[in-house]
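Indexing begins at 1, ligand by ligand and atom by atom, following the structure's order.
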Amino acid sequence: MEIKEEGASEEGQHFLPTPQANDTGDFQFTSIQKTPNEPQLEFILACRGLSRPARDRGRRPREPNALVQVSVAQPAAPGPTRYASTEVVEGTRDPLFLTGVTFPSEYPIYEETKIKLTVYDVKDKAHDTVQISVLPERQDPPPEAGRSFLGYASFTVGELLRSKEQLLALSLRTSDGGKVVGTIEVSVVKMGEIEDGEADHVTTDVQGQKCALVCECAAPDGGSGKENLPFLNAVLKNPVCKLYRFPTSDNKWMRIREQMSESILSFHIPKELISLHIKEDLCRNQELKELGELSPHWDNLRKNVLTHCDQMVNMYQDILTELSKETGSSFKSSSSKGEKTLEFVPINLHLQRMHVHSPHLKDALYDVITVGAPAAHFQGFKNGGLRKLLHRFEMERRNTGYQFIYYSPENTAKAKEVLSNINQLQPLIATHADLLLNSASQHSPDSLKNSLKMLSEKTELFVHAFKDQLVRSALLALYTARPGGVPKKPPSPKSSADDSCPQDAPPLVGRQDSIPHHSDYDEEEWDRVWANVGKSLNCIIDMVDKLIARDGASEGGGGSSKDGEKDASPVDPITAHPKEDWYEQLCPLICALKDCMGEVVNRAKQSLAFVLLQELAAGLPQCLMLTLRRDVVFSQALAGLVCGFIIKLHTSLHDPGFLQQLHTVGLVVQYEGLLSTYSDEIGMLEDMAVGISDLKKVAFKIIEAKSNDVLPVITGRREHYVVEVKLPARMFEVLPPPVREGQLLHVHPVLFNVGINEQQTLADRFGDVSLQESINQENFELLKEYYAVFMEKMPPDYISHFQEQNDLKGLLENLHQNIQAKKRKNVEIMWLAATICRKLNGIRFTCCKSAKDRTSMSVTLEQCSILRDEHQLHKDFFIRALDCMRREGCRIENVLKNVKCRKYAFNMLQLMAFPKYYRPPEGTYGKADT
Ligand SMILES: O=P(O)(O)O[C@H]1[C@H](O)[C@@H](O)[C@H](O)[C@H](O)[C@@H]1OP(=O)(O)O
């Protein structure tokens, strides 16, 4: 199991403060000058005159392939800690490292902090990559590990800062401190300065220096507005940051900051959701218990159902208890994906952000949420995933027939909805009825009218909730299940299909929406009970009208003059119409309303609980396992969505167009899937498709944060959830009024999947790709619908400007053609879908099984493609930029934190099957224990 506590991530051990680094005991050290949120110190490195490595037997002498490892020793701390590393510069004695070193603002460095630089010669790059991550400090790698020690030098931060021009030239010495093997230059850089000058000399790079231009940097403010940082930092944790600079087509520098952060929502959302499931299921179990007396047959079924349901609730409670132990956790690694207690937690969830600062354009941010495909790994995929399992289950249930009435999924969902409405409305109506009586006892006409208005509104909603054939049919079904309620005659089928059934069919034979009928059953009784609620309300309305009219009349008679001034005649309204009168007049009517409502609630609740009982009884235990599976997948999907939504909200808060879109159209959420339609990944894709589609049931609401607790809160039940996102007052104020007033904000999830690996090759040649094809086709329709609503609902001036900037119609058409073309591994689909999503201000996701290897290839490709298409990346640098990001960037750190090895888990054979631009550079992939 791999769970990371806040501040203790693997990369944190490499690049962020370690506990001992912070521990300065009672000593006083000299702080260095800081600019808030900016790195405290950054320097670059170069070597001069390095000795040639010892000659291998039978080989000609060669120039070194140098790499510098940077370690930090805090004053009063025991020894140096490995901090960073440069790239390897091949075949030169004078390497110029373009990988720099950065100390983020929160890193504890002092003038007394000592920095040790160790230079190695790398013989075998592929082997070396692995060793960097696992070798203990101060231990030279054995020669066979791919590198050999050349020399070292050290200095204190104070020495560097006080040096002339902030540059040190230090002798590199062998480990015994004797022989000089070259010089190392350390030169302080200020970030702004690297923008100066032309970049055309870069093409004259030293041979082999393929992945230059990268250095690590402090967590950038990301252009999201510095004031938003503390708030986002409450949700995002353990950032890994890298900085690159690449030439533009006109040989200027552009600067790119890459940031990857975990989110505590990975654990927070599952915990919220499981608590809600427990509440919902406990309530349902209670309703089943309160179903009243049933015939022995149904009573046994109920007992059986309750036993299973109680077991499920216990299981959810155990999982919640386990998860609650993970306080502050923000990351589930790919290797933990099959763990039972972490089932609900998304795999390897991160914000992957690219911040581009280019010479001619405004700064731009590009965010992608990367996460493992939401899937039930613990349950496994032997029998497929949700899409297939749910379909199969419905078919079986439909045909089980005997003993059960078949209620379609829509009907059972309806039953749950009505039950939930009743549970909410009944107490609400009771409260408004009491308020009405309160107004009556205060003899306050205005307050009486207001209370009546509220009471009427809620009661109408209540009455409306039962306007459904389902309640009617469920009442009859329940009647027949009561002791002695067995129909004397077989039920007369309702639908025309049912007409053809033989008269001697068993009672309540299951077939689609079979609604039972019974001759002894008085169907009109329900109508009467139900109508009584409306009648009671009408009586109350009449009475209130009368009381107010009489009051007005008596006040008139009491001598109010037309201009509102009182006559001198001493009529005391209190004695004329004592307060008790109003109360006493209304009290019996209110009691009658409550009684009628109680009667309706009682009958409806029982009948609908009976619908649920049948659903459960007909499908035990698969039904509960499917619910669990769906809950697990949904929880993973929701955690990612909430994370994406919050980040999107923060980064776009100052964009009026976005805010308008948010409450008029809602946001499109686009998922890029890289799963293959072969073997287990078919099941994963089937889970993922349902999980993502289920996100339609989620709405967001933005509320003002009243405390430091800014974590989102979820309310609702399986068919409908509301996620309350909190914003601090100053941010909340910028929202449009409807959003501030609590309007629900909707999301429109779409999924496009293109398998790219060797398994997809097999599926393409010998298997079945219909799942991928139908998912892409269905989701294209959803995207098109969203676009149509967007065009219809956004203001015309916004749309005309939008159309000038973007050819969305063309892109959609292109996407459609590509989907129709049924070309193998057509990655164009992913690029088009992602582009459309970005242009529509949507939330981007990229997923594969673990969000580690294929996802890393895809997001780095997307980043470089954006740099090429939107920021004029020099065309000769496309591949170099790509290799650079894959070799030295955030994603290799992602691999490291997941599997403790800096290797993408691909082999040569697999890579041959990959589309060309999805292949990582040599030396960054290989066998890894995933
Ligand atoms: O992050 P993924 O691409 O899902 O990782 C895969 C990798 O693509 C594949 O080559 C390798 O054989 C493993 O199956 C990886 O999945 P893990 O979930 O085992 O990391």
For this session: Before signing off on this row, confirm whether F906 and ligand 1 have an N or O atom pair separated by under 3.5 Å.
Result: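 Not met; the criterion fails.
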
For this session: For ligand 1, find out whether one of its N or O atoms is nearer than 3.5 Å to an N or O atom of T855.
Result: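 N/O-N/O distance under 3.5 Å: no.
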
Within the 4.0 Å heavy-atom shell around [X], which atoms of ligand 1 are there?
{"X": "Q910", "answer": "9 (C), 10 (O), 12 (O)"}
{"X": "K337", "answer": "17 (P), 18 (O), 19 (O)"}
{"X": "K849", "answer": "4 (O), 14 (O), 16 (O), 17 (P), 18 (O), 19 (O)"}
{"X": "K852", "answer": "1 (O), 20 (O)"}

Problem set entry | Atom NZ of K822 with >12 non-hydrogen neighbours under 6.0 angstrom | no

For this session: Please check if atom OH in Y678 has more than 12 non-hydrogen atoms from other residues, nucleotides or ligands closer than 6.0 Å.
Result: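 Check fails, neighbour count at 12 or below.
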
For this session: Could you pull out the closest heavy-atom pair between G640 and F845, with the gap in Å?
Result: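 It is O-CZ, 3.2 Å.
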
For this session: Check ring pair (Phe, Tyr, Trp, His ring centres under 6.0 Å) between F393 and all other residues, then give those that pass, not counting sequence neighbours.
Result: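 Partners of F393 by the ring pair (Phe, Tyr, Trp, His ring centres under 6.0 Å) criterion come out as none, since no residue qualifies.
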
Could you pull out every donor-acceptor pair under 3.5 Å between side chains of residues 371-385 and any protein atom, sequence neighbours left out?
unit_1 : atom_1 : unit_2 : atom_2 : d
Q379   : NE2    : M625   : O      : 3.4

Seminar exercise, completed: Quick look: A851 vs ligand 1, heavy-atom contacts under 4.0 Å, and the answer is backbone

Exercise. So between I756, D853, N898, whose heavy atom ends up nearest atom 15 (C) of ligand 1?
Worked result: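 Considering heavy atoms of I756, D853, N898, the nearest to atom 15 (C) of ligand 1 sits in D853.
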
Exercise. Does the ring centre of F344 sit less than 6.0 Å away from the ring centre of Y316?
Worked result: yes

